[in-house]
Number of protein chains: 2
Amino acid sequence: MMMDARKFRILQAIIDDYILTAIPVGSRTISKKYEMGLSSATIRNEMSDLEELGYLDQPHVSAGRIPSAKAYRLYVDQLLERGVIPTGESESIHSYFEDRSRQMEDVINHAAKVLSGLTHYTSLVLSPKGQELRIRNLQLVPVSSTHALVVIVTDGGIMRDMVVEVGEGLDADALYAISRTLTERLSGMTLSEAQQALAGGSGDMHHHHRRLADNVAHFMGQAGSTSKAKLALGGPSNILNFPEYSDVEKAKGFLSVLETKDKLVDLLESQGEMAFTVRIGPETGIPELSDCSLVTATYRLGDNNHGTIGVIGPTRMHYGQVLSILNAMGQQLSILLGQYKE
Amino acid sequence: MMMDARKFRILQAIIDDYILTAIPVGSRTISKKYEMGLSSATIRNEMSDLEELGYLDQPHVSAGRIPSAKAYRLYVDQLLERGVIPTGESESIHSYFEDRSRQMEDVINHAAKVLSGLTHYTSLVLSPKGQELRIRNLQLVPVSSTHALVVIVTDGGIMRDMVVEVGEGLDADALYAISRTLTERLSGMTLSEAQQALAGGSGDMHHHHRRLADNVAHFMGQAGSTSKAKLALGGPSNILNFPEYSDVEKAKGFLSVLETKDKLVDLLESQGEMAFTVRIGPETGIPELSDCSLVTATYRLGDNNHGTIGVIGPTRMHYGQVLSILNAMGQQLSILLGQYKE
DNA sequence: GTTAGCACTCATCGCAGTCGAGTGCTAACA
DNA sequence: TGTTAGCACTCGACTGCGATGAGTGCTAAC
């Protein structure tokens, strides 16, 4: 048995209806509501076939059918093939960023809020990871007589800071001098390159201030590591709006995953450079999210940097709308965060 | 009718039992489990009195009694009067901070995690507000040809940073010179004093770089305002462990409040300088939290700064234990964050 | 003042019965 | 050969009801 055009149309109708209502869809519903020109009996036969093909599940014998993960996969693939509808969203999203803050973190947080507000799902916004960023400026700011704050400005405009121990007896001017030297030496390198350069330890300065150099190198290792990418969550409790999660146990599982952000970051990072990724149910690889879908998109920042935005919701998600909003939001973020670029 | 010692003992037993089990407490339970040397009938009479006095509520006529907010209030007040039990918690909490990060934000986040882990409630950790901090150092780090990052180090060791617009044609050295001048002028002032000093606008520099000065002043206003205090949440989903919140609607209300952090910050800040505050049910002033209690404590940072830590849970909270843990955690935070002090 | 006894209340649980949405199958029809 | 009407069947959801039992309030005796 094969999937033909009619089967596909019926499947589509079932998915649409289930996305809307979250109620198992019966043959009569499809026949009447979606004007197929077919009787419920025919639909029934087709549905039986679709079930055999693995596109539909039946919670119990006297209930309607619900789409399987495989069905959503097909649905989404079609959607992506046909291209996403980039509606007027873009403009409306733009308006949410009127008071454009320049702080990476603020932008990330705000974006997450806007995203969850627009989609009514839980949203995730991951800042670009530092790995690929190139250093533009490095400066040490004295904090105490023994510690200094490292500030690094990169071509993405992202700054990370950390307190490092410096040797005794370095006043503000000395630190500034060192900062200038370091900036000169390291400018244009990525964080990991710079880390190596420092660890390699040629140059005058390094002999005098080995400790300082080591600490700064260590910091770069940390800042450059993916784990340091900032993750903002939007509307975690949105999930509770969906009947799928009216069970407290399930909701707790979901929220717990959100709390341990590490897994999420890994998941988001694994997207790589793809414009869009849709993970349906078990495809997320996280048991607690096995009846959720995760839709992610990347936004570009500079030539070799990207961050990730995403939305988590029940598998019966408004994929089309979500993709469209993510698309618009990605563009907006690229613009907002790209404004440091010279 | 008055509250006498025996009534109080009975009330205490009821509260203890209800905190443990979340099940309405009957007269027989008290008479047997708590060895009052009184029959259930006597307890019943006393309970009836306690209800009349407003310390007990009855969900329905054939159920046991549950403590009212007024009862918890009495309970807590007694607890506070007698002094909190500062057990060995302090040591165990210390051990959670082995890898002492120096980043304010990391410490705050970690503290929230530890706090929610220890108490099994939802925890809140609010960083000290910048208002009272005194500037020790101010530095401008070039970000682009037109923007610079302001970094301020204060005597609390707290740094806030923000990108401000500077005039054209200022290179790194020029910015450093300005930074030195500003540090000299502003060092020792609080943020708001510094803001005024800058706005006042005497001094050579200000005429040349009015724009820059204005922007820095504006930043100080922001950084110093209470709204900028960082709030970390720990274990938001912990609330779902309690049967009180097995209703999804209630849980959603609770979690929504957590998402809009502003209200929480206000609530935490309103504690003022008190060592401990306990808000029971309606006392929180937030409808969604009307059957929660919020226990907060302050931790000191320097002479005139303090942050707030707190725990939110159901009204039937383990007040004694929570107070003890908050106490220990407060001390630990004071130590950790105070380590920049010269 | 305390307690035993008793009638009363009321939430909870289990159970049988009903209802109805939805199915699968068969037979007739185009 | 594909479509449809009809019908028996399934099974979850809901309803009503009696039994159960925890817990109370009241009264009378100690």
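Every chain is numbered from 1, with letters handed out A, B, ... down the list of sequences. Just so we're clear, the structure is a prediction, and the values are computed from it rather than from any experiment.
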Q: Where the side chain of Glu244(A) meets the backbone of Asp291(A), is there a donor-acceptor pair that is under 3.5 Å apart?
A: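 Absent.
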
Q: Rounded to whole Å, how long is the line connecting atom CD1 of Ile23(B) with atom C1' of dT12(C)?
A: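 In whole Å, dT12(C) C1' and Ile23(B) CD1 are 13 Å from each other.
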
Q: Could you tell me whether a side-chain N or O of Lys33(A) sits under 3.5 Å from a main-chain N or O of Ala13(A), the two making a donor and an acceptor?
A: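 The answer is no, because no donor-acceptor pair under 3.5 Å joins these two groups.
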
Q: How many whole angstroms separate atom CE of Met36(A) from atom C1' of dG2(D)?
A: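 Answer to the nearest Å: 17 Å.
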
Q: Round to a whole Å and report the spacing from CD1 of Ile66(B) to C1' of dG23(D).
A: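 From Ile66(B) CD1 to dG23(D) C1': 15 Å.
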
Q: Using atom CD1 of Ile14(A) as one end and atom C1' of dG22(C) as the other, report the distance to the nearest whole Å.
A: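 It works out to 13 Å between those atoms.
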
Q: Look at the side-chain N and O atoms of Thr42(B) and state whether any lies under 4.0 Å from the OP1 or OP2 oxygen of dT2(C).
A: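 Negative; the distance criterion is not met.
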
Q: Mind running side-chain contact (heavy atoms from CB on, under 4.5 Å) on Asn45(B) and Asp49(B) for me, showing each step along the way?
A: CA-CA 6 Å; Asn45(B) 289 330; Asp49(B) 289 353; 5.6 Å; no

Q: Once you apply a heavy-atom cut-off of 4.0 Å, does Ser27(B) come out as touching a base, just sugar-phosphate, or nothing?
A: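 Sugar-phosphate contact only.
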
Q: In whole angstrom, what separates Met47(A)'s CE from dG22(C)'s C1'?
A: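 Between C1' of dG22(C) and CE of Met47(A): 9 Å.
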
Q: Under the 3.5 angstrom rule, does the side chain of Thr298(A) hit a backbone N or O of Met274(A) as a donor-acceptor pair?
A: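 Here the side-chain-to-backbone pair exists.
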
Q: Could you list by number each residue of residues 3-13 of chain B showing a heavy-atom separation from DNA chain C of less than 4.0 Å, or answer none if no residue does?
A: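 When residues 3-13 of chain B is checked for heavy atoms under 4.0 Å from DNA chain C, the hits, listed by number, are Arg6(B).
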
Q: Determine the interplanar angle of the Phe242(A) and Tyr121(A) rings, folded into 0 to 90°, and report it as parallel if under 30°, tilted if 30 to 60°, perpendicular if over 60°.
A: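 If you compare the ring of Phe242(A) with that of Tyr121(A), the planes turn out parallel.
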
Q: Tell me the interatomic distance from Lys32(A), atom NZ, to dA5(D), atom P, rounded to whole angstroms.
A: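 In whole Å, dA5(D) P and Lys32(A) NZ are 13 Å from each other.
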
Q: Residues of residues 52-59 of chain B with any non-hydrogen atom less than 4.0 angstrom from an atom of DNA chain D: list those, numerically ordered, please.
A: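 Close to the strand are Gln58(B).
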
Q: Atom CG of Asp16(B) and atom OG1 of Thr21(B): how far apart are they, to the nearest 0.5 Å?
A: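 If I round to the nearest 0.5 Å, the distance is 10.5 Å.
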
Q: To the nearest Å, give me how far apart CD (Glu46(A)) and P (dG2(D)) are.
A: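 Rounded to whole Å, this separation is 10 Å.
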
Q: Mind checking the CZ-OG1 spacing from Arg65(A) to Thr29(A)? Nearest 0.5 Å is all I need.
A: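 Between atom CZ of Arg65(A) and atom OG1 of Thr29(A) there are 12.0 Å.
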
Q: If I take atom CG in residue Leu38(B) and atom C1' in nucleotide dT3(C), what distance separates them, rounded to the nearest angstrom?
A: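 The answer, rounded to whole Å, is 10 Å.
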
Q: Could you list the residues that satisfy salt bridge (charged side-chain N to carboxylate O under 4.0 Å, His left out) with Asp247(B), not counting sequence neighbours?
A: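 Expected list: none.
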
Q: Treat primed atoms plus P, OP1 and OP2 as sugar-phosphate and everything else as base, then score nucleotides 25-30 of chain C 5' to 3': B for base contact with protein heavy atoms under 4.0 Å, S for sugar-phosphate contact only, - for none.
A: B-----

Q: Determine whether a donor-acceptor pair (N or O, by modelled atom type, separation under 3.5 Å) exists between the side chain of Thr296(A) and the backbone of Ile309(A).
A: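 Judged by distance alone, no pair lies under 3.5 Å.
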
Q: Out of dT24(D), dG22(C), dT4(D), which has the shortest distance to the side chain of Thr29(A)?
A: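 Selected nucleotide: dG22(C).
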
Q: Hey, what are the protein-to-nucleotides 8-12 of chain D N/O distances that come in under 3.5 Å?
A:
{"unit_1": "dC11(D)", "atom_1": "O4'", "unit_2": "Ser62(A)", "atom_2": "OG", "d": "3.4"}
{"unit_1": "dC11(D)", "atom_1": "O2", "unit_2": "Ser62(A)", "atom_2": "OG", "d": "3.2"}

Q: State, yes or no, whether a side-chain contact exists between Met47(A) and Ile14(A) at a heavy-atom distance under 4.5 Å.
A: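 Result yes, sub-4.5 Å side-chain heavy-atom pair found.
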
Q: Return yes when atom CZ of Arg28(A) has more than 12 non-hydrogen atoms of other residues, nucleotides or ligands closer than 6.0 Å, and no otherwise.
A: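 No - once you tally the heavy atoms of other residues, nucleotides and ligands closer than 6.0 Å, there are 12 at most.
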
Q: Do Glu288(B) and Ser256(B) make a side-chain contact, defined as non-hydrogen atoms from C-beta onward lying under 4.5 Å apart?
A: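 Counting from C-beta outward, Glu288(B) and Ser256(B) never come under 4.5 Å.
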
Q: Counting distance only, does the side-chain N/O of Ser31(A) pair as donor-acceptor with the main-chain N or O of Ser27(A) below 3.5 Å?
A: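 Checking the backbone N and O of Ser27(A) against the side chain of Ser31(A), no donor-acceptor pair under 3.5 Å is found.
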
Q: Drop me the distance from Leu53(A)'s CG to Glu46(A)'s CD, to the nearest 0.5 angstrom.
A: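 Nearest 0.5 Å value for the CG-CD distance: 10.0 Å.
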
Q: Got a second to check how far Ile312(A)'s CD1 is from Thr284(A)'s OG1, nearest 0.5 Å?
A: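 Separation between the atoms: 8.5 Å.
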
Q: Starting at the 5' end of DNA chain D, write a dot or bracket for each base, bracketing those in Watson-Crick or G-U wobble pairs whose two distances are under 3.5 Å and using | for partners on another strand.
A: ||||||||||||||||||||||||||||||

Q: Side chains of Gln321(A) and Leu118(A): closer than 4.5 Å at any heavy-atom pair?
A: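 No. Closest side-chain heavy atoms not under 4.5 Å.
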
